[in-house]
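Contents: one structure, followed by commentary.
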Amino acid sequence: QVQLVESGGGLVQAGGSLRLSCAASGRTFSTYAMGWFRQAPGKEREFVASISRSGVITYYADSVKGRFTVSRDNAKSSVYLQMNSLKPEDTAVYYCAARSAGSSYNIVGSYDYWGQGTQVTVSS
């Protein structure tokens, strides 16, 4: 079992930055690839970014590529999402999730454990 707790959300103006954190507890963090997803009101949960167990391989949704950076610190059992040049359309609840390696990185159903989410609101 893995418990995930996100933090760092908030209200920011367009063009600003936020850094989300996700702290994991339970089974060995480094055995899981990690992902970030987001869900806006009335929309389905969508993939944002993913990082491999070692942190070497990352993937991003086209909508955030070049603006967001995912990273992890296995010694601290944490994964991060640095969000720059934020846009109003980035407004959503952001979730971190853990999955066993080998499954699809951008599919909601591939992830075994989820955090409770943190709200990010970008004002225009």
From CZ (Arg99) to OH (Tyr113), nearest 0.5 Å: 14.5 Å
If you measure from CZ on Phe68 to CD on Gln82, what distance do you get to the nearest 0.5 Å? 9.5 Å
Approximate separation, where rounding is to 0.5 Å, of Cys22 SG and Gln116 CD: 8.5 Å
Side chains of residues 9-21: which donor-acceptor pairs under 3.5 Å do they make with residues two or more places apart or in other chains?
from	atom 1	to	atom 2	distance (Å)
Ser17	OG	Asn84	OD1	2.9

For Pro88 and Ser124, which heavy atoms make the closest approach, and how far apart are they? CG-CB, 3.9 Å
Full working for side-chain contact (heavy atoms from CB on, under 4.5 Å) between Asp90 and Arg38: CA-CA 9 Å; Asp90 294 319; Arg38 65 187 182 187; 2.9 Å; yes
To the nearest 0.5 Å, what is the distance between CG on Leu81 and CD1 on Ile51? 10.0 Å
Whether Tyr60 side chain and Val70 backbone form a donor-acceptor pair below 3.5 Å: yes
Crowding at NZ, Lys65 (>12 non-hydrogen neighbours, <6.0 Å): yes
Hey, could you give me the CE/SG distance between Met34 and Cys96, rounded to the nearest 0.5 Å? 5.0 Å
Whichever hydrophobic residues join Phe37 through chains of side-chain contacts under 4.5 Å: Phe47, Val56, Ile57, Tyr59, Val93, Tyr95, Tyr105, Val108, Tyr111, Trp114
Taking all non-hydrogen atoms of both residues, which atom of Ala24 and which atom of Val2 are closest, and how far apart? CB-CG1, 4.3 Å
Are the side chains of Phe29 and Arg72 in touch, meaning some heavy atoms are under 4.5 Å apart? yes
How would you list, by chain and number, every residue that makes a side-chain contact (heavy atoms from CB on, under 4.5 Å) with Ser104, sequence neighbours excluded? Asn106, Ile107, Ser110
Between Val64 and Val122, is there shared hydrophobic-cluster membership here, with clusters defined by ILVMFWY side-chain heavy atoms closer than 4.5 Å? yes
Show your working on side-chain contact (heavy atoms from CB on, under 4.5 Å) between Arg53 and Ser30 and close with a plain yes or no. CA-CA 5 Å; Arg53 291 175 293 180; Ser30 61; 5.8 Å; no
Could you check whether any side-chain N or O of Asp73 sits under 3.5 Å from a backbone N or O of Tyr80, counting only pairs where one atom can act as donor and the other as acceptor? no
pair Ser50-Thr58: side-chain heavy atoms closer than 4.5 Å: no
Measure the spacing between CD of Gln119 and CD of Gln39 and express it to the nearest 0.5 Å. 11.0 Å
